[in-house]
Number of protein chains: 2
Amino acid sequence: MGGATTRAHIVEAADRLFYRQGYEHTSFAAIAEAVRISRGNFYYHFKSKDDILTAVIAARLDDRRRMLEQWEADEPDPVGRIGRFIEIVVTNRADIQNYGCPVGTLTTELAKLGHPALNDAGDLFTLFREWLRRQFVLLGHEAEADALAMHVLAFSQGVATLAHAFQDEDFIRREVQRMHDWLSACAANPGTARHAGNEDAVGPANV
Amino acid sequence: MGGATTRAHIVEAADRLFYRQGYEHTSFAAIAEAVRISRGNFYYHFKSKDDILTAVIAARLDDRRRMLEQWEADEPDPVGRIGRFIEIVVTNRADIQNYGCPVGTLTTELAKLGHPALNDAGDLFTLFREWLRRQFVLLGHEAEADALAMHVLAFSQGVATLAHAFQDEDFIRREVQRMHDWLSACAANPGTARHAGNEDAVGPANV
DNA sequence: CACGCAATAGGACGAGTGTCCTAGGCTCTC
DNA sequence: GAGAGCCTAGGACACTCGTCCTATTGCGTG
């Protein structure tokens with residue numbers, strides 16, 4: 001078993017535990033037990049707990065980046081791509097109901113801890129934000145692309161938080177459907193429209 | 001300085017610290033220092049740290065309940081009342097940008113800790129959910145009142161999480177405006193309206 | 001076989017945690 | 001003034017944490 005493999009196992013186990021139990025609440029002993037190595041051996045691969053966190057965030061960034069690239073390859077249509085993002089909360093509903101959103105919960109925790117890796121975790125949000133923005137630009141919403149991207153992000157965070165709190169799958173599906181409808185209206189009303197215009201078109205149909 | 005006063009001070013300080021630093025990250029020493037009492041004295045008023053958490057949650061429940069009652073007294077119109085709720089993220093924007101939503105972040109943390117007080121914290125969400133539901137019933141949306149209440153809750157959680165992550169006040173205001181427009185359309189379309197395609201899609205169409 | 005290096009194990013250390021215990025100060029009442 | 005009871009202070013305790021140190025294993029090379 002080479003050292004590189006062990007290192008990957010550590011990152012993998014830490015990723016899962018940080019997600020399920022939180023960063024602070026996850027001890028070295030817990031990770032070591034999950035990987036079945038001794039606590040001491042740990043410091044051969046990482047020089048501190050913060051170092052592991054950095055590696056975990058980097059791994060998540062890599063993973064999500066690859067996911068988004070795959071979506072771009074699969075879906076030529078920006079609406080389909082954004083739709084994929086909206087569907088995340090359904091696709092990952094089991095984990096989300098049990099542990100919340102991996103990005104949102106980590107960012108929130110690191111902020112409360114005043115942890116220096118908060119900025120790195122924020123890059124995860126920025127990754128999605130930028131990707132969504134580009135899709136909305138492709139839809140012809142140049143001027144408001146970033147605002148629309150943030151709206152989609154807010155949707156996913158709100159749904160994830162409440163689905164986690166209430167363990168409600170039907171709620172997820174309702175909100176996803178609502179968001180798909182919004183996206184359709186958004187795509188049907190490209191270019192010139194200001195934000196308020198969108199609302200008028202989308203609003204009544206939504207209720 | 002009577003014991004009741006000290007107890008109230010402890011709950012107050014713990015409330016603020018739990019909100020800003022998280023429950024687990026806040027030590028007895030930190031609370032004791034904030035209230036200027038000794039660590040030992042603590043156990044005269046509370047029998048454990050969990051006991052303080054319970055008291056803090058109870059205090060928040062009291063506070064929010066009073067707030068909602070005040071809104072009902074101030075605003076005879078359900079739309080105005082729901083609007084007040086939507087405005088929370090603007091009214092409390094400073095705290096939200098710095099520390100997130102007090103309800104959402106606490107619930108998420110306690111869930112990750114597997115803490116027994118998670119149910120109590122969930123009552124905070126339920127309080128708002130039920131109150132919003134009643135307002136939507138008053139608007140004539142009996143059948144979907146709960147779903148609409150959850151939608152408003154999801155909005156507030158999503159906005160709070162992202163405002164916290166990105167420290168973006170303009171984003172808050174844009175989303176609040178969007179939500180007000182949605183609410184207006186919602187109020188203009190009372191009673192009979194079904195969820196407009198939502199119902200149709202809850203089933204297989206989603207996957 | 002002997003050597004060297006990557007990899008691992010396991011214990012020691014100091015700091016910090018929640019909890020508990022005991023002694024003492026305060027303020028009212030008789 | 002003395003006693004009683006509420007309130008407080010501060011240290012001791014057992015435990016866990018992240019970190020570090022040293023000894024030892026396993027394996028490929030000369």
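In what follows, chains are A, B, ... by sequence order, proteins preceding strands, each numbered from 1.
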Listed partners of A:D15 passing salt bridge (charged side-chain N to carboxylate O under 4.0 Å, His left out), at least two apart: A:R60

All ring pair (Phe, Tyr, Trp, His ring centres under 6.0 Å) counterparts of B:F42, not counting sequence neighbours: B:F28

Those residues that, when tested against B:R93, pass side-chain contact (heavy atoms from CB on, under 4.5 Å) (two or more places apart): B:V90, B:Q97, B:E169, B:I172, B:R173

Upstream residue (5' side of DNA chain D) when B:G40 and A:G40 are each assigned their closest nucleotide: B:G40

Close approaches to DNA chain C from residues 21-36 of chain A, in residue order (heavy atom, under 4.0 Å): none

Nucleotide D:dC7, atom P - distance to NE2 of B:H9 in whole Å: 14 Å

Qualifying side-chain hydrogen bond (donor to acceptor under 3.5 Å, both in side chains) pairs, either residue in residues 148-158 of chain B, two or more places apart: A:E175-B:H151, A:R178-B:H151

Selection: residues 45-53 of chain B, any non-hydrogen atom under 4.0 Å of DNA chain D: B:H45

Distance, rounded to the nearest Å, where A:Y43 contributes OH and C:dC13 contributes C1': 13 Å

Check: B:F128 ring centre within less than 6.0 Å of B:F85 ring centre: yes

Short side-chain N/O contact to C:dA7 OP1/OP2 from A:T6, under 4.0 Å: no

Results of side-chain contact (heavy atoms from CB on, under 4.5 Å) for B:A29 - residues two or more places apart only: B:S27, B:R39

Integer-rounded Å distance: C:dC20 P and B:N41 CG: 15 Å

Separation of atom OH in A:Y44 from atom P in D:dC20, rounded to whole Å: 17 Å

Results of side-chain contact (heavy atoms from CB on, under 4.5 Å) for A:V137 - residues two or more places apart only: A:E142, A:A145

All ring pair (Phe, Tyr, Trp, His ring centres under 6.0 Å) counterparts of B:Y23, not counting sequence neighbours: B:F18, B:H115

Separation of C:dA7 C1' from A:I10 CD1 (nearest whole Å): 11 Å

